[in-house]
There are 2 protein chains.
Amino acid sequence: MALVRNHRPDVVARAVDVLDRHGLGDLSMRRLGAELGVRPSALYHHFPSKQALLAAVADEILLRARFEPDLTAPWDEQVAAVCGWVRDAVLAYRDGGEVVATAYAFGTGAMAPYEALVAALRSGGADGLAEIGARTLLHFVLGHVVDEQTHLQAASAGAIDDAPRAGGDFAVGLGIVLDGLRVRVDAR
Amino acid sequence: MALVRNHRPDVVARAVDVLDRHGLGDLSMRRLGAELGVRPSALYHHFPSKQALLAAVADEILLRARFEPDLTAPWDEQVAAVCGWVRDAVLAYRDGGEVVATAYAFGTGAMAPYEALVAALRSGGADGLAEIGARTLLHFVLGHVVDEQTHLQAASAGAIDDAPRAGGDFAVGLGIVLDGLRVRVDAR
DNA sequence: ACCTGAACACCGTTCAAGT
DNA sequence: ACCTGAACACCGTTCAAGT
């Protein structure tokens with residue numbers, strides 16, 4: 001007898017919720033199932049694997065921070081806007097950075113920021129470097145945000161005494177050069 | 001009765017070996033114990049946790065690609081040399097990038113490259129930006145190398161058709177600017 | 001379409017006890 | 001100093017069967 005009936009979006013929403021409340025380490029199929037009032041095996045009706053579930057979670061996190069590119073803006077401002085979007089989206093949920101970075105690294109999700117960056121870079125005429133530029137910027141942003149988030153969380157958990165760190169912001173005095181064009185990513 | 005007696009370096013060496021032959025996913029405490037002819041619990045005599053073991057593996061991988069900084073070289077060349085060292089070290093072992101990146105992210109290991117980069121950046125006069133610059137460069141290098149390694153391995157396993165990618169090298173036409181000073185990281 | 005029940009093949013970690 | 005034996009509290013995934 002089916003006590004509960006969950007649809008795919010319910011599962012994703014609950015997963016985001018568990019992630020935010022208990023962290024990535026506690027987001028297991030069994031735990032998520034229990035939280036939904038369902039056996040773990042029931043989740044495999046919606047997702048072929050945990051990896052696929054986590055990719056959906058990553059996409060959901062990015063989607064929730066709604067973003068629409070301003071195509072009339074200068075290309076470097078467009079790039080900065082995308083970076084800012086990713087940063088905001090990911091910082092809004094516990095372990096958001098790691099989830100998105102992993103999904104992106106495995107190529108299973110989090111493709112929207114990559115495509116937005118490619119578009120922005122192309123609009124700046126950096127045609128040949130758009131793809132590698134987008135990947136670099138994403139590593140740049142995600143790397144720093146994961147850093148930030150890890151240390152922030154560790155500090156708030158009392159595991160690390162939060163010594164003053166040189167710039168919690170990923171952009172302080174830093175830029176990236178693509179083919180001679182300087183891109184400032186100080187979105188914040 | 002002790003059939004085998006392993007010292008700490010033996011354990012690390014075997015772990016590197018298992019990592020390279022079977023990948024990070026197969027490097028479990030149980031598997032490593034079996035490979036050493038020992039129960040998994042015996043490993044906890046040498047390491048307090050798997051995380052600590054993996055940190056030691058990361059350090060070992062970096063150590064095996066012996067590196068000595070040329071303090072007479074221009075600072076940007078020093079930076080490039082460190083990046084090249086990390087890249088070479090990590091590419092020499094299966095999943096080396098992920099192991100080192102993770103140890104670095106958790107702050108449990110892989111500190112040598114960070115310190116080398118800070119020193120190189122300081123020697124260039126970028127005092128206030130040395131720490132954040134070092135972290136940025138590391139994210140930059142490790143991010144790209146993990147990318148490379150993941151796709152390379154996936155391709156060689158036949159999981160992905162290796163479409164032509166824009167620059168397998170992390171440095172193609174890219175640089176990082178620290179306070180106006182352009183750092184080229186095209187180590188290769 | 002969604003769920004149960006039961007199993008399979010694993011994990012990391014602890015700890016008293018052995019040599 | 002290093003190892004065993006046994007346990008604890010978990011994992012992801014599969015699959016026939018139910019409604």
Side-chain angles (χ1 to χ4, degrees), chain A residues 1-19 21-58 95 98-99 102-103 105-109 154 157 159, chain B residues 1-19 21-58 95 98-99 102-103 105-109 154 157 159:
Chain A
M1 64 290 266
L3 293 170
V4 218
R5 302 218 112 199
N6 300 286
H7 299 175
R8 205 189 126 112
D10 303 325
V11 177
V12 175
R14 260 284 208 245
V16 172
D17 187 55
V18 172
L19 176 74
R21 279 177 13 236
H22 306 280
L24 184 55
D26 281 8
L27 180 48
S28 67
M29 298 301 265
R30 302 177 111 97
R31 172 70 183 263
L32 179 57
E35 206 97 12
L36 286 162
V38 126
R39 306 261 136 165
S41 55
L43 302 174
Y44 289 85
H45 184 75
H46 300 289
F47 301 95
S49 65
K50 189 185 181 182
Q51 188 175 189
L53 190 250
L54 285 178
V57 168
D95 291 337
E98 214 180 314
V99 170
T102 304
F106 280 82
T108 50
Chain B
M1 64 294 265
L3 293 170
V4 218
R5 303 218 114 199
N6 300 284
H7 299 176
R8 205 189 126 112
D10 303 325
V11 177
V12 176
R14 259 287 207 242
V16 173
D17 188 55
V18 172
L19 177 74
R21 281 180 9 238
H22 306 281
L24 184 56
D26 280 8
L27 180 49
S28 67
M29 298 302 264
R30 303 178 110 95
R31 172 70 183 263
L32 178 57
E35 206 97 14
L36 286 163
V38 125
R39 305 262 134 163
S41 55
L43 302 174
Y44 289 84
H45 183 75
H46 301 290
F47 301 94
S49 65
K50 188 185 180 181
Q51 189 175 187
L53 190 251
L54 286 177
V57 167
D95 291 336
E98 214 179 316
V99 170
T102 304
F106 280 81
T108 51

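Sequence lines set the chain letters: A, B, ... in the order given, protein chains first and strands last, and positions in each chain run from 1.
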* Asked: To the nearest 0.5 Å, how far apart are OG in A/S41 and CZ in A/R30?
  -> 9.5 Å
* Write down the distance separating the P atoms in C/dC10 and D/dA9, rounded off to the nearest Å. => 23 Å
* Which residues satisfy the salt bridge (Lys or Arg N to Asp or Glu O under 4.0 Å) test with B/R39, sequence neighbours excluded? -> none
* Asked: Between A/H7 and C/dC2, does any side-chain N or O lie under 4.0 Å from OP1 or OP2?
  -> yes
* Structure fact -> Here the gap from B/M29 atom CE to B/L32 atom CG, rounded to the nearest 0.5 Å, amounts to 7.0 Å
* Test item: B/R14 side-chain N/O and B/E35 main-chain N/O as donor-acceptor pair under 3.5 Å -> yes
* **Interatomic distance, A/D26 atom CG to A/L19 atom CG [nearest 0.5 angstrom]** => 10.0 Å
* Does the side chain of B/R39 get closer than 4.0 angstrom to OP1 or OP2 of D/dC3 through an N or O atom? -> no
* To do: Could you check how far CG of B/D26 sits from C1' of C/dC11, rounded to whole Å?
  => 13 Å
* More than 12 non-hydrogen atoms from neighbouring residues, nucleotides or ligands closer than 6.0 Å to CZ on A/F47, yes or no? -> yes
* To do: Please work out the stems of DNA chain C from pairs that are Watson-Crick or G-U wobble with both distances under 3.5 Å, keeping only runs of three or more consecutive pairs.
  => C:4-8 with D:12-16, C:12-16 with D:4-8
* May I ask you to evaluate whether B/N6 reaches the phosphate of D/dC3, defined as a side-chain N or O under 4.0 Å from OP1 or OP2? => yes
Could you list the protein-to-nucleotides 12-14 of chain C atom pairs, N/O on both sides, closer than 3.5 Å?
{"from": "C/dG12", "atom 1": "OP1", "to": "B/M29", "atom 2": "N", "distance (Å)": "3.4"}
{"from": "C/dG12", "atom 1": "OP1", "to": "B/K50", "atom 2": "NZ", "distance (Å)": "2.9"}
{"from": "C/dG12", "atom 1": "OP2", "to": "B/M29", "atom 2": "N", "distance (Å)": "3.0"}
{"from": "C/dG12", "atom 1": "N7", "to": "B/R30", "atom 2": "NH1", "distance (Å)": "2.5"}
{"from": "C/dG12", "atom 1": "O6", "to": "B/R30", "atom 2": "NH1", "distance (Å)": "3.1"}
{"from": "C/dT13", "atom 1": "OP2", "to": "B/Y44", "atom 2": "OH", "distance (Å)": "2.7"}
{"from": "C/dT13", "atom 1": "OP2", "to": "B/K50", "atom 2": "N", "distance (Å)": "2.8"}
{"from": "C/dT13", "atom 1": "O5'", "to": "B/Y44", "atom 2": "OH", "distance (Å)": "3.3"}

* **Between CG on residue B/L36 and CG on residue B/N6, distance to nearest 0.5 Å** => 4.5 Å
* To do: Calculate the interatomic distance between A/L36 atom CG and C/dC2 atom P; express it in whole Å.
  => 13 Å
* Asked: Are a donor atom and an acceptor atom from the side chains of A/H45 and A/R8 found within less than 3.5 Å of each other?
  -> no
* **Value in whole Å for how far the C1' atom of D/dC11 lies from CG of A/L43** => 14 Å
* **Among D/dA1, C/dC2, D/dT4, the nucleotide that comes nearest once only the side chain of B/H45 is considered** => D/dA1
* Hey, could you give me the CG/CG distance between B/L53 and B/L27, rounded to the nearest 0.5 Å? => 6.5 Å
